[in-house]
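The model shown is predicted, which means the values in this text are computed figures rather than measured ones. Computed over heavy atoms, backbone and side chain alike; hydrogens, waters and symmetry mates excluded.
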Amino acid sequence: MTLRVYNTLTGEKEIFVPLLPGKVGMYVCGVTVYDYCHIGHARAGVVFDIIFRYLKFAGYDVTYVRNYTDIDDKIINRANQEGTDYRTIADRYIQAFDEDMNRLGLAKPTVEPKATDHIAGIIGIIEALIAKGHAYVSDGDVYYAVETFPHYLKLSGRNLEEMQAGARVEVGDKKRHPMDFALWKGSKPGEPWWQSPWGNGRPGWHIECSAMSMEFLGKTFDIHGGGKDLVFPHHENEIAQSEGANGCKFVRYWLHNGFVNINAEKMSKSLGNFFTIREVLKKYDSETLRLFILSAHYRSPIDFSDQNLEEAQSGLERIYSCLSALDDILNGQSLSAEIAVIENPSQVGLELQEKIDQCLPRFVEAMDDDFNSALALGVLFEMVRAANRFLAETKEYTSLSLSMIAHVRHLFVETGSILGLFAVLPSVWLEKIKSAKADRVDISPEEIERLIVERTESRVAKNFKRGDEIRDLLLAKGILLFDSPQATTWKVK
RNA sequence: GGCGCGUUAUCCAAGAGGCUAGGAGCCGGUCUGCAAAACCGUUAACGUCGGUUCGAAUCCGACACGCGCCUCCA
C-alpha cells in the first residue's frame, strides 16, 4: 500500500514518506475554548480521527497531538461578559469539547496539551526569534517582523504586497509593518498574565501551536492538520515562528479539511448560521453524523441539511440492517460438520466470495488515495448488496456459507474500526433509531402495539378490511407495519 | 481588486483520456390476503463554447454561474 496525501504546501498529492520509518508525528489544531463546538469542529475532528486511525491501521506508530488553546482574547471577553475569570470559561469549554468529541466517537489523541501549560516553551521560542532578529519588543508587546522571513505566505501562496492592497489590516501603532503579528501581549489591568522578560503578559494566538508541536513532536514533524480557514493566518504564522526560531523545516505535509456549509455558505460564528454538535446530536445519532461527514471527500465542502442527514441515516440503516441479519444467522446457527462435504457455491455465493476477497484491498486503495472515505464507503455498500443477495437466496447454511457470513461480518468490524462506524451492536443501533423516531411521532408505542394486536385478530378472522384500516391509520401517523409469519413489527417512516 | 476552488443524472456523491462507482428516490417484477422490508430489473450525467486526440466528464483555452481566503474562525 502506498499512501498519497494532498499537501497544501505544494498543492499536489504526494507519496507519504514519514521522517522516521514506521513513525508518524501529527499535530492538529484543536479549538479555542470559549464556546460550544459546532458542526464545523465536528468535521475537523472526525476527518483527522479517521486519518489517525488509518495511519495506525497502516502500521505506523502515530503520535497524535491535538491542543486546547485556553488563553485568548475571546476567552477573556467571555469571562468579562460573565463576570468570571478566564480559567472558569476555559475549563468549562474544555469539558464540553471532551464530551462532544467523546460522543462523536473520536479516538483519544496521544497528547492533548493546553497552551497555558507551555508558557515556558512559548517564551523560549520568542526569545530565540528576538535573538535572530525575527521579532521585536514594542511597549510590552512582542511582534513578529514578517519581512524578515522570506518564506512568509508560502503556504497560502500570496505575497505581502497583494495582501496589503485591498487589505483590511489595521496598522497598530506598535507594529513596524501592518502584517506583523503579536507573539506576546502585555496584560492590561484585570487580565490574566504570566511573567516574561518583557513584563507581565500572555501569549498571542499562533505561538502556542509552535511551542506545543515542538515539545511533543520535535522541530520537524510529518503532518499538521486543521480546517482550511486556518491556512492563513494561523498556519502561515506557525511556519514563520517555528522555521524562524529553529532554522529548519517545520512540517512536511500540511492537510486541511473543507468547510461545512449551510445552503452553500460557510458555517461560521460570525455569520451566525451554525449548529452546535450537541444540538445536532439531539436529533441525529453520532454515527449518522459521521457517515454524513465521511460520505464526501474531506477537502470538499459539504452542505449540512436535514435532507442530507436523513439520507445518511437511511444509508447507515441499510448497513446496520444487513449486519443485524448476519448476526441473527451467526448467533442462531450451530455448525454442523455433516452438512455438505462437497459444496458447489451458488452464483450469488461466488459473487459474495469475490466481494469478500476484494473488500479490504479496494477499501485500502481508496483510503490510500488521500483518505477517500466516500469511495471506501462505496466499497462497503457493494459488500452489503452482495451479502443481502446471498442471504435472500440461501435457504440452508452450510459451514462454507456460515464462514463466508462470518467473514463479511468481520470485514465490517475491521473497516468500521478505521472509519469509526459500526461500533454499536446492530440490533441495539436499529432499536435506538426506531425509538428516536418514535419520539417524534404523535402516537405512543403502547397504542401502536394495541392496534397491532387488534389488526392481527382481524386478519386471523379474515377481516382484511378492518386490518387494512388499522394499517392505513398507522401509516397516516407515520408508522409502517411489517407482517412476517412470526409476528407483525413496526417502524417509523 | 488579488489568489484559489468548484459546476457529474431527481437529490447527495466518487471517478479523471477508452474499463458497472456508491447511496437516497422514481418506475416495473419476485414475495404477500393486500402491503412493507429484502432482493431482482430498468431509467438517467458530466455548466457553455471552442481546441488537442483515433477517442474527452476527464487534457488545454475562453466564458458563465457558485463558493472560499485576503478580519476571529475547523
Mark this stacking check for F464(A) against rG33(B) as yes or no, applying ring centres under 5.5 Å and ring planes under 30°.
-> yes

Winner on side-chain proximity to E382(A), out of rA13(B), rG22(B), rG23(B), is rG22(B)

Check: Looking only at side-chain N and O atoms, does N372(A) come under 4.0 Å of OP1 or OP2 in rG15(B)?
Finding: yes

*asked:* With hydrogens left out and only the distance checked, is there a donor-acceptor pair under 3.5 Å joining N159(A)'s side chain and the base of rG2(B)?
replied: no

Contact under 4.0 Å: S300(A) side-chain N or O vs rA14(B) OP1/OP2
yes

Those residues at least two apart in sequence (or on a different chain) that pass ring-ring contact (aromatic ring centres under 6.0 Å, His included) with Y68(A) are F97(A)

Out of rA24(B), rA74(B), rC39(B), minimum distance to the side chain of S314(A) belongs to rA24(B)

Quick note, Q307(A) side chain, CB onward, closest among rG22(B), rA14(B), rC11(B) is rC11(B)

Q. Which part of the nucleic acid, if any, lies within reach of F259(A) when heavy atoms closer than 4.0 Å are counted: base, sugar-phosphate only, or nothing?
A. base

The nucleotide from rG33(B), rA24(B), rA38(B) with an atom nearest the side chain of N388(A) is rA38(B)

Looking at E191(A), I'd like to know if its CD atom is crowded, meaning that more than 12 non-hydrogen atoms belonging to other residues, nucleotides or ligands lie closer than 6.0 Å. yes

- Query: Can R4(A) and D369(A) be counted as an ion pair, charged N to O under 4.0 angstrom?
  - Reply: yes

*Rounded to whole angstrom, note down the C1' distance from rC3(B) over to rA44(B).*
38 Å

CG (D368(A)) and CG (L375(A)) are apart, to the nearest 0.5 Å, by 11.5 Å

Of E393(A) and G40(A), the one whose closest nucleotide on RNA chain B sits nearer the 5' end is E393(A)

Rounded to whole Å, CD of E351(A) lies from P of rC39(B) at a distance of 13 Å

Can you check whether Y93(A) and Y36(A) have ring centres sitting under 6.0 Å from each other? yes

R389(A) has its side chain closest, among rC12(B), rG33(B), rC39(B), to rC39(B)

The glycosidic conformation of rA64(B), counting syn as within 90° of 0 and anti otherwise, is anti

- Tell whether D483(A) reaches the base of rC34(B) with its side chain through a donor-acceptor pair below 3.5 angstrom. yes

- Integer angstrom distance from the C1' of rC31(B) to that of rG41(B): 15 Å

ask   = Would you say rG6(B) has OP1 or OP2 under 4.0 Å from some side-chain N or O of R299(A)?
value = no

Does K228(A) make a side-chain N or O approach to OP1 or OP2 of rG4(B) shorter than 4.0 Å? no

Inset, instruction - Determine the interplanar angle of the W254(A) and H235(A) rings, folded into 0 to 90°, and report it as parallel if under 30°, tilted if 30 to 60°, perpendicular if over 60°. - result: tilted

To the nearest angstrom, the NE2-P distance between H206(A) and rU71(B) comes to 11 Å

Does a donor on one side chain sit under 3.5 Å from an acceptor on the other, for T398(A) and S401(A)? yes

Listed range with range, the stems formed with RNA chain B by at least 3 consecutive Watson-Crick or G-U pairs (under 3.5 Å) are B:1-7 with B:64-70, B:10-12 with B:22-24, B:27-30 with B:38-41, B:47-51 with B:59-63

When rounded to whole Å, the CD1 to P distance for the pair I293(A) and rA13(B) reads 14 Å

Of R459(A) and H38(A), the one whose nearest nucleotide on RNA chain B sits closer to the 5' end is R459(A)

Against the side chain of E265(A), the closest entry in rC67(B), rA74(B), rG41(B) is rC67(B)

Q) Is it true that the NZ or CZ of K228(A) lies under 6.0 Å from the centre of F259(A)'s six-membered ring and within 45 degrees of the ring axis? A) no

